[in-house]
Amino acid sequence: MSIKSWKRRGQWLELMPGKAVTGKEDRQAAAEQWLLSELMFPEKLLRQLKATQGVQLAGDRLRLALFAVQPLGVEPRWADLDVLYEDDFCLVVHKPAGMKLHPDGGREEKVVTLDHAVASYYEINGMETSVRHVHRLDEDTTGPVLYAKNAFALAKLDEAMRLKAIDRQYVAITGGQVPSDLRKIDAPIGKDRHHKQRRRVSEGGQDAITHVDIVHVWERATLVRLKLETGRTHQIRVHLSYAGYPLVGDKLYGGRSDIIGRQALHGEVLSFNHPLTGALIEVQDPWPADFEQLAARESHSVEGQT
């Protein structure tokens, strides 16, 4: 898929499908076939648009009502938001430590989650669309979070997640000196029957694979970069603890205490194909201050090897 020419006009997306549509006798049917074959347009969404006259032909232009007004779905609650990438289809924002991603149904009325902050951002900027996060991060993990700004983007990005086509690279600081031969952790993860919040490596769990790249080995800790083949709850934390090198600050999984006050884990790079154009989007999220400070403290210890 390669859509190079498109324009937004209010609630409408305008495309130029060319002779594949304009040269056909039944242009409406040709337009629908072009959407399905060239854009890989979700069939359910296409049916919904057709039912509300949201697919129109105007001369050589194909118009889709992709930007129709939608409720936010989450109460707007302001918080300072670091926007890393944005266009009419996608929003990527930095999630700070200590902020939950979404409301959990509890009664903590004053809590501001990332979804609340995004809803406030949409409201302040006049964006009448629903808040839709595509993936998750733990409360005390920092890094980029991807949001879909319309139903088409959500369907395409959800499918990309299912196909493991959204790449997330993390950086972490573990306790101890990770050996150079630890390159891959392939161990299924399931719930811990003895602790509601914790997960554990279990034969009956879901497949989970983490790739490990050692960056620096210090006296008491190791800086590693990690990529996930799967996206299980607490996967990196569980796998590194299982391997004997829990994250610094990760008390839940046996990590040593540190003034960082959280697991030393940060989402460093998020890569995905744009839902409309197919172009590769790579978003980098700089290390937060507490992570930088921890790395500096550990690097000033007597170094092991690099």
Side-chain angles (χ1 to χ4, degrees), residues 95-101 104 135-143 145 168-268 285 287-306:
K95 192 194 81 62
M99 177 180 275
K100 292 182 178 180
L101 178 62
D104 58 10
H135 60 97
R136 303 185 179 194
L137 282 180
D138 293 342
E139 181 176 351
D140 287 324
T141 299
T142 55
V145 176
R168 290 170 286 169
Q169 178 178 290
Y170 295 83
V171 62
I173 298 175
T174 76
Q177 297 184 344
V178 177
S180 59
D181 60 353
L182 183 63
R183 298 294 182 182
K184 178 180 178 181
I185 304 172
D186 185 349
I189 293 175
K191 293 182 178 180
D192 189 329
R193 293 177 299 170
H194 306 291
H195 195 296
K196 185 177 179 180
Q197 292 180 309
R198 195 163 53 200
R199 299 294 189 271
R200 62 189 291 270
V201 168
S202 168
E203 288 185 6
Q206 295 176 299
D207 291 344
I209 299 174
T210 303
H211 295 276
V212 182
D213 180 24
I214 297 170
V215 182
H216 289 294
V217 179
W218 298 307
E219 182 181 23
R220 301 191 311 154
T222 304
L223 180 69
V224 295
R225 286 195 167 94
L226 307 124
K227 284 191 176 183
L228 305 180
E229 277 194 29
T230 51
R232 309 305 177 202
T233 300
H234 297 179
Q235 178 172 321
I236 289 172
R237 301 165 66 189
V238 172
H239 270 174
L240 288 173
S241 178
Y242 171 73
Y245 306 95
L247 299 178
V248 172
D250 192 358
K251 294 181 182 179
L252 185 62
Y253 291 103
R256 64 174 166 86
S257 297
D258 188 90
I259 60 173
I260 193 173
R262 65 177 183 93
Q263 64 264 16
L265 179 62
H266 172 65
E268 195 173 38
D285 192 349
W287 293 4
D290 62 350
F291 193 95
E292 281 193 336
Q293 292 162 7
L294 174 60
R297 289 198 306 274
E298 295 299 336
S299 67
H300 289 151
S301 300
V302 178
E303 281 206 354
Q305 60 192 33
T306 58

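Numbering of residues begins at 1 and proceeds along the displayed sequence.
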Flag, side chain of Ser299 to backbone of Ala296, donor-acceptor distance under 3.5 Å: yes
Under 3.5 Å: donor-acceptor pair, side chain of Ser202, backbone of Pro188: no
Any Leu137 side-chain heavy atom under 4.5 Å of Leu101 side chain: no
Closest non-hydrogen atom pair, Leu240 against Ile185: CD2-CD1, 4.1 Å
Inter- and intrachain pairs under ring pair (Phe, Tyr, Trp, His ring centres under 6.0 Å), touching residues 240-262, at least two apart: His234-Tyr253
Exam field: side chain Glu219 to backbone Glu298, donor-acceptor pair closer than 3.5 Å: no
Spacing of Ile236 atom CD1 and Ser241 atom OG [to the nearest 0.5 Å]: 13.5 Å
Non-hydrogen atoms of Ala208 and His239 that approach each other most closely: O-CE1, 3.2 Å
Flag side-chain contact, heavy atom, 4.5 Å: Leu223 against Phe291: yes
OG1-CZ distance between Thr141 and Arg237, expressed to the nearest 0.5 angstrom: 6.0 Å
Minimum heavy-atom distance Thr210-Leu226, with the two atoms named: CG2-CD2, 3.8 Å
Heavy-atom side-chain proximity of Glu229 to Asp207 below 4.5 angstrom: no
Any Asp290 side-chain heavy atom under 4.5 Å of Arg262 side chain: yes
Pairwise side-chain contact, Ile260 with Ile173, heavy-atom cut-off 4.5 Å (strictly under): no
Spacing of OG1 belonging to Thr230 relative to CD belonging to Gln206, to within rounding of 0.5 Å: 9.0 Å
Minimal non-hydrogen separation, Pro288 against Thr142, with atom names: CG-OG1, 3.5 Å
Polar side-chain atom of Gln177 near backbone of Trp218 as donor-acceptor pair, under 3.5 Å: yes
Within-4.5 Å side-chain heavy-atom neighbours: Arg297 and Ile259: yes
Where at least one partner belongs to residues 170-196, residue pairs that pass salt bridge (charged side-chain N to carboxylate O under 4.0 Å, His left out), sequence neighbours excluded: Arg183-Asp213, Asp192-Arg198
Donor-acceptor contact present, side-chain His266 to main-chain Asp285, <3.5 Å: yes
Any donor-acceptor pair under 3.5 Å from Lys95 side chain to Arg136 backbone: no
Minimal non-hydrogen separation, Ile189 against Arg232, with atom names: CD1-CB, 4.3 Å
Exercise: identify the closest heavy-atom pair between Arg168 and Gly231: NH2-CA, 4.4 Å
